[in-house]
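Shown next, in structure tokens, is the structure this report addresses.
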Number of protein chains: 2
Amino acid sequence: MLDDDAARLQARGYRLTGPRRVIIAALRDAGRYCTASQLYERLRGRSVGLASVYRTLELLADLGLAERRAEAGGEGSFLYCSPRHHHHVVCTGCGTVREIDACPGDDLARAVERETDFRIDRHKLDFYGVCAGCRTTG
Amino acid sequence: MLDDDAARLQARGYRLTGPRRVIIAALRDAGRYCTASQLYERLRGRSVGLASVYRTLELLADLGLAERRAEAGGEGSFLYCSPRHHHHVVCTGCGTVREIDACPGDDLARAVERETDFRIDRHKLDFYGVCAGCRTTG
DNA sequence: AGTCGCATTGACATCGATTCTCAATACGCA
DNA sequence: TGCGTATTGAGAATCGATGTCAATGCGACT
Ligand SMILES: [Zn+2]
Ligand SMILES: [Zn+2]
Ligand SMILES: [Zn+2]
Ligand SMILES: [Zn+2]
């Protein structure tokens with residue numbers, strides 16, 4: 001877990017507890033979307049309760065340090081997100097997610113404002129494709 | 001419900017039933033993300049079962065005619081999507097969603113390919129802001 | 001380092017959204 | 001119009017997610 005994440009927690013008055021450290025580190029290291037039960041399994045033996053996994057994921061989503069996604073048939077899953085503005089590239093083969101800096105920027109947002117008469121505040125952009133590893137393997 | 005949607009269903013061998021027509025029309029007309037129970041309420045008296053609402057939403061998502069979203073604390077919700085490539089503008093005030101043509105295009109996708117060594121197939125882009133109505137009202 | 005207040009935790013109970021089951025129905029086709 | 005089968009509605013069943021609560025441990029202040 002990075003100091004930056006710790007700072008974010010404490011800046012909002014949350015305590016930096018053992019379970020939180022471990023859960024956040026696990027989500028970070030996963031480098032992909034994880035469900036609560038997946039993280040819970042990965043942390044067996046570290047005495048972390050499933051409820052705490054749910055609570056911490058919820059907290060991270062609230063702090064902007066994680067992004068929630070809808071699964072097709074079942075559980076929700078979370079992806080660790082660094083605090084800066086960024087977008088994602090998702091490998092449809094292995095599930096790996098990488099943060100990227102490429103961004104359509106304000107120009108496109110302004111074009112959208114003209115087209116719709118909305119005032120645009122933010123945007124979300126994800127790319128889907130196949131990573132180098134999956135191309136050679138598969 | 002549009003003929004285009006009907007054609008998509010039947011092209012995959014699905015039957016064009018009464019409940020499906022009604023549910024799809026309701027989702028289309030909503031112009032926003034809807035939960036299964038919201039649609040079910042809206043269709044009271046039309047003898048459409050909740051299970052059929054769930055099944056039809058799932059089917060639409062599968063056909064690419066609806067997009068699923070994760071809600072914070074509770075139910076999943078679905079948004080009707082036309083078949084062509086497009087993106088969304090979501091009003092954070094009233095929930096209205098509009099489809100737009102603005103798109104970062106292949107240039108950005110190629111930049112991402114160079115940056116990551118992924119082969120990019122598709123992307124998803126949403127803008128969030130406040131619509132004209134919500135600006136004057138609120 | 002020691003003390004104290006209270007946020008946080010783990011285990012389990014509970015809730016509720018989604019899926020399953022199955023006999024009855026109604027599409028699509030000849 | 002008649003048949004075969006996908007689909008439906010209602011209720012049961014599932015299980016992901018949240019609530020409860022006594023025990024714990026973080027962190028602030030000595
Ligand atoms: Zn891959
Ligand atoms: Zn951006
Ligand atoms: Zn609005
Ligand atoms: Zn696009």
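Convention: sequence-line order gives letters A, B, ...; per-chain numbering from 1. When reading the values below, keep in mind they use all heavy atoms of this one structure, side chains included, and skip hydrogens, waters and symmetry mates. Keep in mind it's a predicted model, so treat the numbers as computed, not measured.
- When the local axes at the two ends of the helix from C/dA1-D/dT30 to C/dA30-D/dT1 are compared, using 5 base pairs at each end, they differ in direction by 70° after rounding to 10°.
- Atom CZ of B/F78 and atom P of C/dT18 are 8 Å apart (whole Å).
- The side chain of B/T17 contributes no N or O atom lying less than 4.0 Å from OP1 or OP2 of C/dC27.
- B/S47 comes within 4.0 angstrom of the backbone, heavy atoms only, and of no base.
- As rounded to whole Å, 13 Å separates atom P of C/dT18 from atom CZ of B/R69.
- Side-chain proximity of A/Y14 to C/dT8, C/dC12, D/dG11: nearest is C/dT8.
- A/L50 has its CG atom 14 Å from the C1' atom of D/dG19, to the nearest Å.
- Annotation: cation-pi geometry satisfied between A/R122 and B/Y128 (NZ/CZ under 6.0 angstrom from ring centroid, within 45° of ring axis).
- Judged by the 6.0 Å distance and 45° axis criteria, A/R69 is positioned over the aromatic ring of A/Y33.
- In the set D/dG27, D/dG9, C/dG10, D/dG27 carries the atom at the smallest distance from any side-chain atom of A/L16.
- Rounded to whole angstrom, the span from the CD atom of A/E75 across to the P atom of C/dT18 amounts to 14 Å.
- Within the 4.5 Å cutoff, side-chain heavy atoms of A/R135 are placed close to those of B/D117.
- For A/C34 against A/L39, the heavy-atom pair with the smallest separation is CB-CG, 3.9 Å.
- Per the geometry, CG belonging to A/L9 stands 14 Å off P belonging to D/dC26, to the nearest Å.
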Protein N or O to nucleotides 21-25 of chain D N or O, pairs below 3.5 Å:
{"from": "D/dG25", "atom 1": "N2", "to": "A/R15", "atom 2": "NH1", "distance (Å)": "2.7"}

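- Nearest heavy atoms, A/E115 versus B/R98: O-NH2, 3.8 Å.
- With contacts defined as side-chain heavy-atom distances shorter than 4.5 Å, the pair B/E113/B/R119 qualifies.
- Contact check, A/Y54 against D/dT18: no side-chain N or O comes under 4.0 Å of OP1 or OP2.
- Ranked by how close their nearest DNA chain C nucleotide is to the 5' end, B/Q10 and B/S77 are led by B/S77.
- Atoms CG and CG, on B/D5 and B/L60 in that order, are 7.5 Å from each other to the nearest 0.5 Å.
- Between B/R68 atom CZ and C/dT19 atom P the separation is 7 Å, expressed in whole Å.
- Look at CZ on B/R44: it is 13 Å from P on D/dG9, rounded to the nearest Å.
- For the pair A/L39 CG and D/dG16 C1', the computed distance is 15 Å after rounding to whole Å.
- For B/R32, the CZ atom sits in a packed shell: over 12 heavy atoms of surrounding residues, nucleotides or ligands are nearer than 6.0 Å.
- Rounded to the nearest 0.5 angstrom, A/R12 CZ and A/D62 CG are separated by 5.5 Å.
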